[in-house]
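Here is the structure we will look at.
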Amino acid sequence: MSASGGTRAIVAALSANLAIAAAKFVAFAFSGSSSMLAEGVHSLADSGNQALLLIGGKKAKRAASEEHPFGYGRERYVYAFLVSIVLFSVGGMFALYEGYEKIRHPHAIDHWYWPVGVLVFAIVAEGFSFRTAIKESNHTRGALPWTEFIRRAKAPELPVVLLEDFGALIGLVLALLGVGIALATDSGVWDGIGTLCIGTLLICIALVLAAETKSLLLGEGAGAESVTRIREATVDGETVTGIIHMRTLHLGPEELLVAAKISVRHDDTAAQVAAAIDAAEERIRAAEPFARVIYLEPDIYSEAAAAAGPDPDQTPGGR
């Protein structure tokens, strides 16, 4: 659901941003507002970002190869990280430069109705895109607060679109304030100040996105609820008597690797252990559908050996 929901949100955002970008550039051409130029570049950068997310989603669907035996699921993380770079460089840095230049060389805004009309239209269009992203996110967010959802989400598309749309709406309000004050005071400096605020906002959002996608690129384990489901499904109390230690890793947003050392009884036969492992894998997949790659290693659990070695309780997924 997260993949299809993410795609719907991306397409909605892409359609809105292309229309908004065209309108903003037209408004800039008639009014000379630097806020309009910065916002036009911002919308153009956002459109490119959404195209990157769609490309990443398509590339991630490629089948595993000998060179990449675990598949290409992390392509989605790579392209989401590229989005943060584009947002920082093209959107944020350009806006800062434009704002600085407008403050240094201010000039009055011509044909004020163009930027004001376009900004009102853009707020409505971005609001529609933001509403779509919220609606699709609610399918997977559950009871999590929005900050926690953005921090914990394994699929990068929805958090990226949410932050982009949220930043775009605030940026539009800042641009409207800058243009409004510039018109009221007949000073183009305020237009430049609004542009500087937009650039600062975009850079902050880009840094948040970069931090979150960097964590996903490094490799995140399953969430606490998923780990609990996997642990409960693994142990049957008969042949598999416990988990000595376990590690999980997201190979992609919807593909989870599970590796665990399980304890079995010392007098079980090889056939019994093999059957127990097969049964445990079936239970794990039923409890956690994202668990696609599972490695279970049987061992005889020893309290003395566990006490002498590293404490599994001190590591995620430990016993």
Side-chain angles (χ1 to χ4, degrees), residues 1-22 39-63 68 71-92 94 122 125-141 146 149-171 201-220 250-255 290:
M1 179 175 290
S2 60
S4 60
T7 301
R8 281 192 291 271
I10 294 169
V11 171
L14 178 59
S15 302
N17 277 315
L18 286 174
I20 292 170
E39 276 294 313
V41 173
H42 173 198
S43 294
L44 200 61
D46 280 353
S47 300
N49 288 340
Q50 279 117 36
L52 284 173
L53 292 176
L54 290 173
I55 293 171
K58 184 176 181 180
K59 285 182 173 291
K61 294 178 181 178
R62 289 180 294 172
H68 296 90
Y72 294 84
R74 288 195 182 182
E75 287 266 19
R76 289 164 69 179
Y77 301 151
V78 173
Y79 280 84
F81 189 75
L82 290 176
V83 165
S84 68
I85 296 174
V86 172
L87 193 62
F88 178 89
S89 57
V90 178
F94 179 82
E126 285 289 359
F128 168 76
S129 175
F130 192 41
R131 177 179 175 274
T132 302
I134 290 174
K135 181 179 178 182
E136 297 301 334
S137 298
N138 282 334
H139 293 310
T140 55
R141 182 172 67 94
W146 285 107
F149 171 72
I150 290 172
R151 191 175 67 85
R152 295 185 185 182
K154 306 303 180 184
E157 292 85 0
L158 285 172
V160 168
V161 174
L162 280 168
L163 285 175
E164 279 189 349
D165 286 348
F166 179 69
L169 283 170
I170 294 179
L201 171 69
L202 294 179
I203 288 175
C204 290
I205 291 175
L207 292 176
V208 171
L209 284 177
E212 293 303 319
T213 50
K214 174 193 171 186
S215 178
L216 292 169
L217 280 170
L218 289 175
E220 289 188 358
H250 268 276
L251 302 174
E254 291 142 13
E255 188 172 8
F290 288 169

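Throughout, numbering of the chain's residues begins at 1 and tracks the sequence.
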Spatial distance of atom CG (L169) from atom OG (S129) [nearest 0.5 Å]: 8.5 Å
Non-neighbouring partners of R131 that pass salt bridge (charged side-chain N to carboxylate O under 4.0 Å, His left out), sequence neighbours left out: none
Salt bridge present between R76 and E157 (N-O < 4.0 angstrom): yes
OH (Y72) with more than 12 external heavy atoms under 6.0 Å: yes
Minimal non-hydrogen separation, A125 against I20, with atom names: CB-CD1, 3.6 Å
Distance in Å, E212 CD paired with L217 CG, rounded so as to fall on 0.5 Å steps: 12.0 Å
Partners meeting side chain to side chain contact (heavy atoms under 4.5 Å, CB included) with R74 (sequence neighbours left out): Y77, L249
Heavy-atom closest pair, residues L201 and G167: CD2-O, 3.3 Å
Partners passing salt bridge (charged side-chain N to carboxylate O under 4.0 Å, His left out) against E75 (at least two apart in sequence or in another chain): R62
Taking every non-hydrogen atom, the tightest pair across A133 and L158: O-CD2, 4.2 Å
Contacts of I134 that satisfy side chain to side chain contact (heavy atoms under 4.5 Å, CB included) - sequence neighbours left out: F130, N138, W146, L162
Minimum heavy-atom distance G40-A21, with the two atoms named: O-CB, 4.1 Å
Gap between atom OG of S215 and atom CZ of R152 - 0.5 Å precision: 12.5 Å
P156 versus P159, closest heavy-atom pair with distance: O-CD, 3.3 Å
Could you go through residues 78-91 and list every donor-acceptor pair under 3.5 Å that involves a side-chain atom there, pairing it with any protein atom two or more places apart or in another chain?
unit_1: S84; atom_1: OG; unit_2: F81; atom_2: O; d: 2.6
unit_1: S89; atom_1: OG; unit_2: I85; atom_2: O; d: 2.8

Backbone N/O of F128 and side chain of T132: donor-acceptor pair under 3.5 Å: yes
Side-chain touch H250/E255, heavy atoms, less than 4.5 angstrom: no
Rounded distance (nearest 0.5 Å) linking atom CG of L202 with atom CG of L207: 11.0 Å
Point-to-point distance, once rounded to the nearest 0.5 Å, from CZ of R141 to CD1 of I150: 10.0 Å
Approximate separation, where rounding is to 0.5 Å, of K135 NZ and R8 CZ: 8.5 Å
For residues 44-54, which side-chain donor-acceptor pairs fall under 3.5 Å, sequence neighbours excluded?
unit_1: D46; atom_1: OD2; unit_2: H42; atom_2: NE2; d: 3.0
unit_1: S47; atom_1: OG; unit_2: S43; atom_2: O; d: 2.9
unit_1: N49; atom_1: ND2; unit_2: A45; atom_2: O; d: 3.4
unit_1: N49; atom_1: ND2; unit_2: E164; atom_2: OE2; d: 2.9
unit_1: Q50; atom_1: OE1; unit_2: L14; atom_2: N; d: 3.4
unit_1: Q50; atom_1: OE1; unit_2: N17; atom_2: ND2; d: 3.0
unit_1: Q50; atom_1: NE2; unit_2: D46; atom_2: O; d: 3.2
unit_1: Q50; atom_1: NE2; unit_2: E164; atom_2: OE1; d: 2.6

